[in-house]
Undergrad: 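Sharing a structure below in structure tokens format, with a few things to ask.
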Amino acid sequence: MKKYFKYIALILVGTVISCREEVQKPKVIYDASNKTNTVAKTDSTQIEVADLPIQMEGTDYLIHPVGDLRVFERGSKARYGSSSVNDVSFTISNLGEYEITGYLQNLKFQKVDSDSIRPLSDKPVLILTATYLKTVADKTKNKIMVYTLTDSDTNRDGKIDTSDIKTLYLSDISGENFTKISADLQELVDWNLIESKNRLYFRTIEDTNQNGQFDKNDVLHYNYIDLTAKKWEVKNYKPI
């Protein structure tokens with residue numbers, strides 16, 4: 001009996017250590033030159049599909065969400081590509097009020113009077129949210145999209161996913177002027193639109209001790225952008 005309880009204790013300890021290691025997995029792996037832009041490997045098992053186009057109210061562009069086909073395994077013995085796998089989701093995005101969400105490989109833009117379709121990004125990214133700032137467009141005629149995404153394999157595991165640093169981008173409603181506005185190697189915490197000032201406020205956190213984690217020992221940066229300006233310029237402010 002004592003051996004049994006000792007065995008269970010060892011399993012529990014191993015589980016705790018394993019969970020702790022999972023939690024502490026770094027988002028950033030630094031090298032001697034402090035460069036983290038690495039080429040992500042292409043997963044040949046993934047099948048690229050597009051959802052039906054979306055048109056934000058008051059715009060003359062169609063947006064085509066593009067992502068990977070999702071296959072759900074039925075039963076513990078099912079494997080991708082086997083005859084027992086027959087649960088397939090052809091929907092890769094979700095549409096809220098002026099916001100597209102999902103795990104998207106790209107967005108493609110098409111003017112309503114044209115057959116030409118152009119990609120948002122020509123580099124590998126994982127787009128988590130794409131938000132149309134409708135209230136800003138109504139007031140200023142500036143039609144702007146805001147994106148949260150990952151754009152680099154910062155943890156060097158050979159792929160771009162949610163384990164990498166999340167960043168903030170802007171573009172015109174046409175998908176042009178796709179611009180990164182959060183600083184390199186800083187994790188996006190959140191963003192908020194202040195309609196009365198036509199400003200986009202956002203916070204990022206910098207891994208100042210370079211331990212690969214973003215925690216209480218690191219530094220928060222407070223920023224905003226004037227969305228009425230001809231050129232998007234990030235300005236810092238200090239509320240504390």
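Keep in mind that what you see is a predicted model, and the values were worked out from it rather than measured.
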Undergrad: Going from OH on Tyr98 to CE on Met145, what distance comes out if it is rounded to the nearest 0.5 angstrom?
TA: 12.5 Å

Undergrad: Quick one: list whatever passes ring-ring contact (aromatic ring centres under 6.0 Å, His included) with Tyr222, sequence neighbours left out.
TA: Tyr237

Undergrad: Which value, rounded to the nearest 0.5 Å, describes the distance between Leu107 atom CG and Ile100 atom CD1?
TA: 5.5 Å

Undergrad: For Thr101, enumerate each residue passing the side-chain contact (heavy atoms from CB on, under 4.5 Å) test, keeping only those at least two apart in sequence or located in another chain.
TA: Asn94, Glu99, Thr129

Undergrad: Above 12 or not: heavy atoms from other molecules or residues under 6.0 Å from NZ of Lys197?
TA: no

Undergrad: Applying side-chain contact (heavy atoms from CB on, under 4.5 Å) to Lys139 and Leu227, what does each step give before you reach the verdict?
TA: CA-CA 11 Å; Lys139 291 172 60 179; Leu227 298 173; over 6 Å; no

Undergrad: Report the residues that fulfil side-chain contact (heavy atoms from CB on, under 4.5 Å) with Lys230, sequence neighbours left out, ordered by chain and then residue number.
TA: none

Undergrad: Salt bridge (Lys or Arg N to Asp or Glu O under 4.0 Å) with Asp60: which residues, sequence neighbours excluded?
TA: none

Undergrad: Applying ring-ring contact (aromatic ring centres under 6.0 Å, His included), name anything that partners Phe90, two or more places apart in sequence or on another chain.
TA: none

Undergrad: Sorted by first residue and then second, give each ring-ring contact (aromatic ring centres under 6.0 Å, His included) pair with at least one member in residues 107-154; sequence neighbours left out.
TA: Tyr147-Phe178

Undergrad: For Tyr103, give me all partners under side-chain hydrogen bond (donor to acceptor under 3.5 Å, both in side chains), at least two apart in sequence or on another chain.
TA: none

Undergrad: Holding to salt bridge (Lys or Arg N to Asp or Glu O under 4.0 Å), I want the full list of residues that pass it with Asp190, two or more places apart in sequence or in another chain.
TA: Arg203

Undergrad: Once you round to the nearest 0.5 Å, how far does CG of Leu120 lie from CG of Leu104?
TA: 10.5 Å

Undergrad: Test of understanding: with side-chain contact (heavy atoms from CB on, under 4.5 Å), list the residues that count as partners of Asp157, not counting sequence neighbours.
TA: Lys25, Asp153, Asn155, Lys159, Asp161

Undergrad: Listed by chain and number, what are the side-chain contact (heavy atoms from CB on, under 4.5 Å) partners of Ser174, not counting sequence neighbours?
TA: Tyr61, Asp172, Glu176

Undergrad: I'd like to know whether NZ of Lys180 has more than 12 heavy-atom contacts from other residues, nucleotides or ligands below 6.0 angstrom.
TA: yes

Undergrad: Would a 4.5 Å heavy-atom cut-off, applied to side chains only, mark Ile181 and Leu200 as touching?
TA: yes

Undergrad: When you check the side-chain N and O atoms of Asn198 and Thr228, is any donor under 3.5 Å from an acceptor?
TA: no

Undergrad: The criterion is salt bridge (Lys or Arg N to Asp or Glu O under 4.0 Å); which residues satisfy it with Lys27, sequence neighbours excluded?
TA: Glu187

Undergrad: Quick one: CG on Asp151 to CG on Leu168, what's the gap to the nearest 0.5 Å?
TA: 11.0 Å

Undergrad: With a 3.5 Å cut-off and sequence neighbours excluded, list the donor-acceptor pairs that the side chains of residues 110-119 form with protein atoms.
TA:
unit_1: Gln110; atom_1: OE1; unit_2: His64; atom_2: NE2; d: 2.9
unit_1: Gln110; atom_1: NE2; unit_2: Ser114; atom_2: O; d: 2.8
unit_1: Ser114; atom_1: OG; unit_2: Ser116; atom_2: N; d: 3.0
unit_1: Arg118; atom_1: NH1; unit_2: Gly175; atom_2: O; d: 3.1

